[in-house]
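Throughout, protein chains are lettered first and strands after them, A, B, ... in sequence-line order, and every chain is numbered starting at 1.
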Amino acid sequence: MKTRTRFAPSPTGYMHIGNLRTALYEYLIAKAQGGDFILRIEDTDQKRYVEGATEIIYNTLKTVGMNWDEGPDIGGNYGPYVQSERKNLYAPYAHKLVELGGAHYCFCGEREEQVDEDGNEIICKFEDPCKRIPLEEAKKRVAAGEPYVIRQTINKSGKSKYEDKVYGIIEIDYDELDEGVLLKSDGFPTYNFANVIDDHLMEITHVVRGNEYLPSTPKYNLMYDTFGWQRPVYVHLPTVMKDAQHKLSKRNGDASFQDLVAKGYLPEAIINYIALLGWNPGTEEEIFSIAELEKIFSVDRLNKSPAIFDIVKLTWMNGIYIRALDIAKFHELALPYYKDIPSHVELKALSRALQPRIETLAQIPEQIDFVIALPNYSVDLYINKKMKTDVEVAKANLPEIKKVLEAQDEWNNESLFESLKALAEQLGVKNGQILYPARIALSGKETTPGGATELAVILGKAESLKRIDAAIAKLG
RNA sequence: GGUCCCAUCGUCUAAUGGUUAGGACAUCACCCUUUCACGGUGGUAAUAUGGGUUCGAAUCCCGUUGGGAUCACCA
C-alpha cells in the first residue's frame, strides 16, 4: 500500500516551529517511502478561525519546499481537503457509530463549570446517564428537535493496547477514557471524530502528530475497530521545548517560522536544524538539504525525549548556509538590508566582506554603520599593542598613506594591499603600522568587516581619501 | 491529583550487554591573519539516584527523584 501522510493544521495563526517540524516529519516519512503528503485544513472550530492563516500555512510549506500532493488548493481524489467543506459528511458516520453501539445521543446540555470534588456533575464524561436512554427513545427526542450531541460510548473494561512507532507499546485502562463529544450541537465534528473519519476516508497510512495525543489514541482505535476499519500506523512525536520546563508556543511569543525568516535566518537552515531536533541520521553529518533528507529519513531514528530548541546552534547552522551561498545569491539576499548607503559605496565589495562574517542577515546593519557615516571616534583607537601602533605612529604614517592612495589607479584589494605593503617596506615599518591606522581612519571602528584595503575598496577612492584627510586633521 | 510518557556533557545527540562513553553547538587556549571573522589544532564538560539481573550494565528489571503530556461541544 502506498504510504500516505497528512499535515492537518488548524488555521489559527502563525506557523510555529513545533508545527513545522511535525509537518516536516510527515512529509519525510511519505517521501522516504515514495508516498504522498496531503495537506488538510482542520477548521471545525469556527470560533478560532483566523483570517489569512491558511495562506501562511501554504506560503511556509512552499518556501521550505514541502510540496503537498493533495490539498485544498490543488485538489486530489479524496477531497474536499478543508473540514468545514466536509461538514455534511461526518454526521452520517456519527449516527452509524450510534447504531453500531460505539456512540450515543446525549442531551445533557452544555456544562458551565464542572465540579471536581465529590460533585456529581462530571459523570457525563465518564458514565453519561444518557447512554442508558433506549436508542428508540433517544431517536424520537432527536427527531422532535431536542438539542443533542453525539458522545462516544465506552463500555469496555481492562486495558487498551496499541503500538506506536516511536514510543512502543502503549497500554491505557479503558476506565481512563472519557466519553467525549464526537458531534457538536452545531453539527460540526470535534477533532476526536473528524480526524478518525478523515484519516480513514483519505486512506492515511501513517498518523504522525504530537505526543499529546498518546493518551487519547485508544479512543480513536475504539472507533476504527467499531467501524471495522484498519487502524493506521501511529508515529507520535516528542515535544519541542523552549527550555526544560516550557513547551515552545506562539502564545508566549516564541519564534515562529516567519519570525525567524524576518530575523535573517534562511529557510533551508531552519529546516535542516529542526530536522535534527528529535531525529538523527546515525552518521556524524549534520548538514542536509530537504532533498537529501527525503532519501535518508527513517522513523526508526526518531527520538522519544523532548528537545530544547537552541537558537544558538541554529544561528551557527545559518552561518554555514550563508557562507555556502554563491556571492550573487548572497548579494541579492543582503540588498534589502543595505539601507541609507551612500551611492559611492561598492555594494558588491561590501557583500564579499560581509558574507564570511555574519551568521544571520539581520546582523548586517550593525556591521555596516560606519559605511553610512564615519563615527566620531576616539584617537585612542589608534593604539594597538600587537600591531605596534599608537597615535604617534598614525600621525606619522597617515600622510604617507594618503600619498600612496592618491597615486593609486587600480582600486582593488590586491593592488591596494601591494602598494601599502610596499610603503611599509620603504618606510621600514611593520605592515600593521600602516594597515592598522589606515583601517581606523577609514572606519572609525575597532572591529570592521574586512581589513584596511577591503574597506578602501568598499568606500571608493574619493571617500577613502576624504576620511584619511579627516583623520590627519583630527590627529592635528 | 489519576493516567500515560520521558531521563547520556550547559544544549542537540551517538553508542540497540563488553568503547579510553563518540560527534556537533556553546565555552576556553593556541595557530593562521590586514582589525574582526572564517579556517585549523587542542582542552574543559555527561550516563539523575538507590537497588537488583549478569563474568560484565548508559544499555535489561524494580523503586526514588526530577521533568513533560493528558483529563474541553480546542485541535
Side-chain angles (χ1 to χ4, degrees), chain A residues 8-10 12 42-45 47-48 83 106 108-111 114 116-117 122 125-126 149-151 164 166-168 170-173 175-178 180-186 188-192 194-195 209-218 236 238-239 241 243-247 273 276-287 300-301 303-317 319 323 353-359 367 381 384 386-387 413 416-417 420-421 424 431-432 434-436 438-440 443 445-455:
Chain A
S10 306
T12 55
E42 305 215 333
D43 60 347
T44 55
D45 185 9
K47 285 175 287 228
R48 294 212 306 168
Q83 283 185 336
C106 170
C108 290
E110 222 167 317
R111 308 262 147 173
Q114 297 186 339
D116 262 294
E117 307 293 320
I122 50 168
K125 221 170 56 184
F126 286 108
V149 299
I150 292 180
R151 269 183 196 279
D164 179 82
V166 175
Y167 289 96
I170 304 291
E171 286 187 78
I172 293 174
D173 209 297
D175 294 340
E176 291 295 323
L177 306 179
D178 57 339
V181 172
L182 266 23
L183 200 70
K184 301 188 246 184
S185 50
D186 64 2
F188 274 89
T190 59
Y191 166 84
N192 294 325
N195 92 83
R209 49 161 65 134
N211 70 3
E212 65 266 28
Y213 295 101
L214 226 34
S216 52
T217 297
H236 286 96
T239 320
M241 307 291 284
D243 55 47
Q245 271 79 36
H246 305 94
K247 200 172 162 170
Y273 176 70
L276 263 24
L277 256 192
W279 178 85
N280 76 82
T283 65
E284 288 181 350
E285 274 179 81
E286 297 196 284
I287 305 300
D300 309 334
R301 302 204 66 90
N303 246 31
K304 355 176 155 195
S305 41
I308 298 174
F309 179 83
D310 182 10
I311 190 83
V312 176
K313 184 149 186 179
L314 169 61
T315 303
W316 163 78
M317 194 172 272
R323 274 170 257 131
L354 251 19
Q355 190 178 15
R357 270 169 259 260
I358 56 169
E359 291 186 307
Q367 291 272 341
L381 279 188
N384 185 295
K386 199 176 150 209
M387 294 295 130
N413 192 43
L416 284 164
F417 188 56
L420 291 179
K421 221 169 86 176
N431 289 348
I434 297 297
L435 293 162
Y436 195 92
R439 190 178 62 79
I440 299 299
S443 67
K445 283 183 84 177
E446 189 173 3
T447 66
T448 53
T453 58
E454 286 166 275
L455 298 190

Distance, rounded to the nearest Å, where A/Ile170 contributes CD1 and B/rU70 contributes P = 15 Å

note = Once base and sugar-phosphate atoms are separated, protein heavy atoms under 4.0 Å mark nucleotides 33-40 of chain B, 5' to 3', with B, S and - as BBBBSSS-

ask   = Do the side chain of A/Tyr213 and the base of B/rA75 come within less than 3.5 angstrom through a donor-acceptor pair of N or O atoms?
value = yes

query = Is the number of heavy atoms from other residues, nucleotides or ligands under 6.0 Å of A/Lys184 NZ greater than 12?
reply = yes

message = I'd like to know if A/Arg357 and A/Glu454 make a salt bridge, using a cut-off of under 4.0 Å between side-chain N and carboxylate O.
response = yes

Using nucleotides 6-8 of chain B, report all nitrogen or oxygen pairs with the protein that are shorter than 3.5 Å.
residue: B/rC6; atom: OP1; partner: A/Lys304; partner atom: NZ; Å: 3.4

remark   = Atom CD of A/Gln245 and atom C1' of B/rG67 are separated, to the nearest Å, by 7 Å

ask   = For the pair made of CD1 in A/Ile172 and C1' in B/rU70, what is the distance, rounded to whole Å?
value = 9 Å

key: C1' atoms of B/rU59 and B/rU47, separation to the nearest Å   = 10 Å

message = If I pick the C1' atom on B/rG22 and the same atom on B/rA14, what distance separates them, to the nearest angstrom?
response = 6 Å

ask   = Between the base of B/rA24 and the side chain of A/Lys313, is there any donor-acceptor pair under 3.5 Å?
value = yes

message = For the CD atom on A/Glu212, are there more than 12 heavy atoms of other groups (residues, nucleotides or ligands in this structure) within a distance under 6.0 Å?
response = yes

ask   = Tell me: CG of A/Asp164 to P of B/rU70, nearest whole Å?
value = 16 Å

note = Residues at least two apart in sequence or cross-chain that pass side-chain hydrogen bond (donor to acceptor under 3.5 Å, both in side chains) with A/Ser443, listed by chain then number, are none

request  = Starting at atom CD1 of A/Ile311, determine the distance to atom P of B/rU11, rounded to an integer number of angstrom.
outcome  = 17 Å

Pairwise P distance, B/rA48 and B/rG67 [rounded to whole Å] = 16 Å

ask   = Considering residues at least two apart in sequence or located in another chain, which fulfil the salt bridge (Lys or Arg N to Asp or Glu O under 4.0 Å) criterion with A/Lys313?
value = A/Glu286

query = Can you tell me how far P of B/rA72 sits from CG of A/Leu182, to the nearest Å?
reply = 15 Å

message = Each nucleotide in nucleotides 42-49 of chain B should get exactly one letter: B, S or -. Can you fill that in based on protein heavy atoms under 4.0 Å?
response = --------

N/O (side chain, A/Asn303) to phosphate O (OP1/OP2, B/rA14) under 4.0 Å = yes

ask   = Under 4.0 Å between a side-chain N/O of A/Asn211 and OP1 or OP2 of B/rC5, yes or no?
value = no

Tabulate protein N/O versus nucleotide N/O from nucleotides 59-64 of chain B, keeping only pairs under 3.5 Å, one per line.
none

query = Does OP1 or OP2 of B/rC74 have a side-chain N or O of A/Thr190 closer than 4.0 Å?
reply = no

